[in-house]
Structure formats: C-alpha cells, structure tokens
Amino acid sequence: QVQLVESGGGLVQTGGSLRLSCAASGRTFSSYAMGWFRQAPGSERVFVAAIGWSGATTAYADSVKGRFTISRDNAKNTVYLQMNSLKPEDTAVYYCAARGGLFAYTGPGQYDYWGQGTQVTVSS
C-alpha cells in the first residue's frame with residue numbers, strides 16, 4: 001500500500017511558476033512509476049507527466065511540453081512537478097499517482113494509488 005500526499009499548489013499569475021511535490025509512504029517507492037494528472041471543473045482527469053521508477057524515462061502531455069518538468073528523488077520518496085510559464089488553462093486540481101513498473105505510464109487507469117490533489121489556480 002502506498003499513500004501519496006501532494007503539496008505546493010496555490011494561486012499564481014500568468015507566466016509564473018510553481019513546484020508541486022508528492023511525498024510517498026512506504027519503503028518501495030523506488031520501484032514505483034509516478035504520474036501527475038489534472039482535473040479542471042466539469043472535465044475528466046487528464047495526463048500531465050509521468051516518470052519511470054529509475055527516473056530515466058519520462059513522458060509529457062503535449063500541452064505542457066517545454067514548460068513542465070517531472071523529476072523524482074528516491075532517497076526522499078518524493079516526486080516533483082516543476083511548472084513554468086503557467087497559463088490560465090493550467091488551472092486544475094493536480095493529482096499524484098503511483099504504480100509498480102519501469103515505464104512512464106500515461107493512462108489514469110494504469111495507476112493503482114492516488115493522492116488527494118492540490119489546487120493550482122493561474123490568474124490572467
């Protein structure tokens with residue numbers, strides 16, 4: 001069982017930056033692939049970024065490529081999402097997810113564990 005706790009959300013102006021963190025419980029964090037997803041009001045939860053267990057493999061949604069960076073620190077059981085050049089359309093609740101495996105999985109149905117989410121609001 002893995003418990004995930006997101007932090008780092010908040011209100012930021014267009015063009016600003018935020019760094020989200022997701023702290024995971026358990027001693028097997030290094031064997032988990034991690035992902036970030038987001039859900040805007042009235043919309044489905046969609047893929048943002050993912051990283052394989054070793055950090056060597058990453059994947060990004062087209063809408064965030066070049067602006068967001070996912071990384072992980074296995075010694076701290078934490079995955080990060082650095083978000084730069086934020087836009088109003090990035091406004092959403094951001095969720096961290098985990099599953100066992102090597103690759104950077106992009107489908108929400110591929111993940112077994114989810115955090116409670118953190119709100120990101122980008123003002124225009």
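Along the sequence shown, the residues carry numbers beginning at 1. What you see is a predicted model, and the numbers here were worked out from it, not measured in a lab.
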Flag, side chain of Ser30 to backbone of Thr28, donor-acceptor distance under 3.5 Å = no
Report the C-alpha distance between Met83 and Arg67 in whole Å, list the side-chain angles of each, state the deciding distance to 0.1 Å, and finish with yes or no for side-chain contact (heavy atoms from CB on, under 4.5 Å).
-> CA-CA 6 Å; Met83 305 187 295; Arg67 299 189 298 124; over 6 Å; no
Is a side-chain donor-acceptor pair under 3.5 Å present for Arg38 with Tyr94?
-> yes
Group every Ile, Leu, Val, Met, Phe, Trp and Tyr by side-chain heavy-atom contacts under 4.5 Å, then state whether Ile70 and Leu4 land in the same group.
-> yes
Check whether NZ of the Lys or CZ of the Arg Arg72 lies under 6.0 Å from the centre of the six-membered ring of Tyr32 and within 45 degrees of that ring's axis.
-> no
State yes or no: do Val64 and Trp36 share one hydrophobic cluster built from I, L, V, M, F, W and Y residues joined by side-chain heavy-atom distances below 4.5 Å, directly or via other members?
-> yes
Take Leu86 and Thr14 through the test side-chain contact (heavy atoms from CB on, under 4.5 Å) and record every step on the way to the result.
-> CA-CA 5 Å; Leu86 283 161; Thr14 297; over 6 Å; no
Show your reasoning for whether side-chain contact (heavy atoms from CB on, under 4.5 Å) applies to Val5 and Gln3.
-> CA-CA 7 Å; Val5 179; Gln3 291 186 326; 5.7 Å; no
Identify whether Ile51 and Val2 are in the same connected component of the hydrophobic contact network (ILVMFWY, side-chain heavy atoms under 4.5 Å).
-> yes
With no hydrogens and no angle check, do the side chains of Thr78 and Asp73 hold a donor and an acceptor under 3.5 Å apart?
-> no
Between the OG atom in Ser7 and the CG atom in Leu20, the distance rounded to the nearest 0.5 Å is 8.0 Å
From Phe29 atom CZ to Asn74 atom CG, the distance as rounded to the nearest 0.5 Å | 5.5 Å
Residues 116-124, side-chain donor-acceptor partners within the protein, below 3.5 Å, at least two apart:
unit_1 : atom_1 : unit_2 : atom_2 : d
Thr118 : OG1    : Gly9   : N      : 3.2
Gln119 : NE2    : Ala92  : O      : 3.4
Gln119 : NE2    : Thr121 : OG1    : 3.3

Considering non-hydrogen atoms only, spot the tightest contact between Val79 and Ser71 and give its length.
-> CG2-O, 3.0 Å
Taking it one step at a time, do Ser17 and Gln82 satisfy side-chain contact (heavy atoms from CB on, under 4.5 Å)?
-> CA-CA 8 Å; Ser17 297; Gln82 178 67 44; 4.0 Å; yes
Look up atom OH in Tyr80 and atom SG in Cys96, then write down how far apart they are to the nearest 0.5 Å.
-> 11.5 Å
For the pair Asp90 and Lys87, find out whether any cationic side-chain nitrogen is under 4.0 Å from an anionic carboxylate oxygen.
-> no
Does Leu18 share a hydrophobic cluster with Met34, counting links as ILVMFWY side-chain heavy atoms below 4.5 Å and allowing steps through other members?
-> yes
Counting heavy atoms not belonging to Glu89, are there more than 12 under 6.0 Å from its CD?
-> yes
Side chain Gln39, main chain Glu44, donor-acceptor under 3.5 Å = no
Phe37: hydrophobic cluster co-members (side-chain, 4.5 Å) = Phe47, Trp53, Val93, Tyr95, Leu102, Phe103, Tyr105, Tyr111, Trp114
